[in-house]
J.: 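Structure incoming, see below.
All ligand and atom numbering here is 1-based and tracks the order in the structure.
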Amino acid sequence: MGGEDMTAECYVITGKQRLAGAIRVSGAKNSSLPLMAAALLAEGNSVLWDIPDLADITQMRQVLENLGCRVYLHKDGSWQINAGTVSGFEVDERLMRSMRASNLILGPLVARCGQARIALPGGCAIGSRPMDQHLKGLRDMGVEIKESHGFIEAYAARLQGADIYLDVPSVGATENLMMAAVLARGTTFIHNAAREPEIVDLQNFLNKMGARVRGAGLDVIRIDGVECVHPAEHTVIPDRIEAGTHMVAAVMTQGDIELENVIPEHLEPVIAKLRQIGAMVQVEDDRVRVWHRGTIHPVDIKTMPYPGFPTDMQPQFMSLLSCAEGTSVITETIFENRFQHVDELRRMGANIKAEGRVAVIRGTEKLEGSFVETTDLRAGAALFLAALSAEDVTVLEKVTHIDRGYENLLEKYQALGAKVKRVAHGQA
Ligand code: EPZ
């Protein structure tokens with residue numbers, strides 16, 4: 001990935017560098033993954049543009065190749081996915097357990113091939129990550145599901161349209177069930193559907209393939225099943241979480257960053273909070289500029305399903321609020337264990353007390369460089385941001401977690417003036 005030495009697992013970051021300049025936001029990881037899975041529905045070659053070069057994308061490519069697809073990065077920069085020759089219906093357990101989003105092939109695969117076998121994705125650092133809503137909806141559509149020995153087996157000669165009511169607005173379950181319903185006989189309604197922008201992006205790609213999906217972005221999605229769909233071409237939406245991360249970097253380093261390739265409406269909850277904190281945010285068509293000087297005001301944050309404040313921005317805001325003048329409260333309502341970054345931030349001098357899903361952050365004047373460890377993708381991003389604003393030098397270990405969700409992070413930040421380098425473990 002980017003030619004970097006993959007044994008290099010640490011960032012060495014010299015703090016207190018004001019970041020300034022412009023960077024282009026990459027395509028969205030959390031849209032790319034379902035779009036790649038959706039290509040399974042059609043015989044032939046689908047073309048996806050602006051897919052980011054990330055470890056998770058490489059994993060999804062391996063899953064699709066494992067199923068008999070031909071997947072390659074064309075010299076023009078597009079990803080070409082030929083699912084004409086889907087020969088398998090089982091996903092390698094190692095691949096499944098290393099990336100939860102591999103479960104997104106379940107719906108399209110059982111719809112296309114009539115069967116699928118995947119390992120139950122293990123839990124991860126931020127929570128148990130069950131799949132009960134995915135399976136509930138598939139059963140509603142007549143899929144026979146067997147769970148045994150840590151595997152899920154799904155069988156259906158032809159899925160039937162159904163009225164599905166999700167107990168929680170699960171992003172992955174909504175995506176899996178949308179894709180499964182595309183080839184079902186009859187009409188499917190998904191009630192209490194997730195409303196994230198990535199769901200809308202998936203609807204747009206599916207409809208380009210000849211599917212009939214309506215309502216994405218609202219809480220009821222209607223899918224009128226069709227006999228078959230054809231390959232299509234699509235450009236993935238920009239990554240709103242990458243963009244939000246860079247916006248926090250501008251505020252934490254008292255800098256001035258202009259982001260290119262953003263959809264501002266996807267960032268509304270983040271922009272509102274940054275303005276509440278005292279940052280300046282200038283919004284244009286597909287660009288956002290963020291700059292800040294002086295005090296960071298404390299704010300309270302409660303993560304919610306879209307269009308609420310995104311859980312994937314919670315760790316980054318905890319770093320930011322660790323430097324606020326006053327006390328903030330963060331409530332994490334989506335995942336039961338998404339405060340792994342708290343202990344590491346404390347090692348940098350942050351004053352945070354977390355009980356269950358609530359963290360109380362008493363802002364401190366400065367953070368101190370330290371040795372800290374990345375436990376998961378967004379926790380790593382939070383610690384990276386904290387290190388950029390801290391006194392002295394920070395060694396951030398296990399940065400391969402960050403490689404999963406941020407394309408060319410080092411290059412982008414070096415171009416903004418950050419003093420950061422990547423070294424092998426133990427050489428820092
Ligand atoms: C997607 O995960 C994202 N990943 C996550 O981003 C994001 O944090 C999450 O949505 C919430 O926005 C991708 O899109 C690849 P969920 P997903 O199903 O689909 C519970 C990142 O950092 N639930 O919406 O797995 C679940 O336990 C990642 O980029 C069930 O109870 O999330 C959680 O509490 C992290 N049963 C809540 O719903 C189910 O069957 C939200 O999970 C499914 C989920």
Side-chain angles (χ1 to χ4, degrees), residues 26-38 51-52 54-57 59-60 63 96 98-107 118 120-140 145 147 152 164-179 190 192-202 219 236-237 239-245 266 269-270 303-316 331-338 340-341 357 374-382 401-407:
S26 301
K29 165 180 82 84
N30 291 350
S31 189
S32 299
L33 294 168
L35 293 177
M36 291 173 77
I51 299 284
L54 297 171
D56 274 14
I57 300 300
Q59 294 255 30
M60 182 58 88
V63 167
M96 259 314 298
S98 62
M99 187 185 66
R100 168 185 172 73
S102 311
N103 67 6
L104 291 171
I105 59 95
L106 182 59
I118 65 169
L120 263 172
C124 70
I126 63 175
S128 66
R129 314 293 294 274
M131 280 189 66
D132 57 305
Q133 299 300 306
H134 300 241
L135 304 182
K136 170 181 187 283
L138 289 174
R139 287 191 172 103
D140 290 346
I145 302 279
E147 294 179 70
I152 295 169
I164 301 168
Y165 288 80
L166 294 180
D167 299 337
V168 292
S170 156
V171 172
T174 302
E175 291 165 343
N176 241 330
L177 297 172
M178 280 167 76
M179 293 187 279
I190 304 172
N192 194 22
R195 298 169 52 188
E196 273 70 3
E198 293 76 26
I199 306 284
V200 178
D201 206 28
L202 178 59
D219 59 356
V236 71
I237 56 172
D239 194 313
R240 61 193 168 98
I241 305 302
E242 180 197 344
T245 305
H266 294 170
V270 171
T303 66
M304 295 294 283
Y306 193 90
F309 188 90
T311 175
D312 292 348
M313 283 301 302
Q314 176 263 106
Q316 299 91 314
T331 307
E332 171 56 61
T333 71
I334 306 295
F335 291 109
E336 69 270 24
N337 190 32
R338 198 169 203 169
Q340 303 278 306
H341 40 290
R357 292 183 178 234
T374 304
T375 52
D376 60 87
L377 167 56
R378 306 302 175 186
H401 284 290
I402 301 178
D403 297 338
R404 300 187 54 182
Y406 292 93
E407 184 181 45

J.: To the nearest 0.5 Å, what is the distance between CD (Glu242) and CG (Leu54)?
T.: 8.5 Å

J.: Which part of His134 is near ligand 1, with near meaning a heavy atom under 4.0 Å away: side chain, backbone, both or neither?
T.: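 Under 4.0 Å from ligand 1, His134 contributes backbone and side-chain atoms.
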
J.: List in chain and number order the residues that pass side-chain hydrogen bond (donor to acceptor under 3.5 Å, both in side chains) with Glu147, two or more places apart in sequence or in another chain; answer none if no residue qualifies.
T.: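 side-chain hydrogen bond (donor to acceptor under 3.5 Å, both in side chains) list for Glu147, sorted by chain: empty.
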
J.: Just need the protein heavy atom nearest to atom 3 (C) of ligand 1, so name the residue and atom and give the distance.
T.: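 Going by distance alone, atom 3 (C) of ligand 1 is nearest to Asn30 ND2, 3.7 Å.
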
J.: With rounding to the nearest 0.5 angstrom, report the NE2 to CG distance, His134 to Asn103.
T.: 5.0 Å

J.: Roughly how far, to the nearest 0.5 Å, is the CG atom of Asp56 from the CE atom of Met99?
T.: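 These two atoms lie 5.0 Å from each other.
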
J.: Looking only at heavy atoms, which two atoms of Val236 and Gly27 are closest? And how far apart?
T.: CG1-CA, 3.7 Å

J.: Would Glu336 count as a contact residue for ligand 1, given that I'm defining contact as a non-hydrogen atom of the residue lying under 4.0 Å from a ligand atom?
T.: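 No, that is not the case, since the closest heavy atom of the residue is not under 4.0 Å from the ligand.
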
J.: Looking at ligand 1, is there an atom of it that comes within less than 4.0 Å of some heavy atom belonging to Arg338?
T.: yes

J.: What residues form a side chain to side chain contact (heavy atoms under 4.5 Å, CB included) with Pro130, not counting sequence neighbours?
T.: Ser128, Asp132

J.: Using heavy atoms and a threshold below 4.0 Å, how should the contact between Met131 and ligand 1 be classified: side chain, backbone, both, or neither?
T.: backbone

J.: With atom 27 (O) of ligand 1 as the reference point, say which of Ser32, Gly127, Pro130 has the nearest heavy atom.
T.: Pro130

J.: Using heavy atoms and a threshold below 4.0 Å, how should the contact between Asp312 and ligand 1 be classified: side chain, backbone, both, or neither?
T.: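 For Asp312, only side-chain atoms sit under 4.0 Å from ligand 1.
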
J.: Going from CG on Asn337 to CD on Glu332, what distance comes out if it is rounded to the nearest 0.5 angstrom?
T.: 10.0 Å

J.: Would you kindly specify which portion of Ala173 sits under 4.0 Å from ligand 1, judged on non-hydrogen atoms: side chain, backbone, both or neither?
T.: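 Neither; nothing of Ala173 gets under 4.0 Å from ligand 1.
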
J.: Does Pro169 reach ligand 1 with a nitrogen or oxygen that is under 3.5 Å from one of the ligand's nitrogen or oxygen atoms?
T.: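 No, there is no polar N/O contact under 3.5 Å.
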
J.: Does any N/O atom on Ser128 come nearer than 3.5 Å to any N/O atom on ligand 1?
T.: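 Checking ligand 1 against Ser128, no N or O pair falls under 3.5 Å apart.
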
J.: Any idea which protein heavy atom is nearest atom 18 (O) of ligand 1, and the distance to it?
T.: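 Here the nearest protein heavy atom works out to Ser170 OG, 2.7 Å.
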
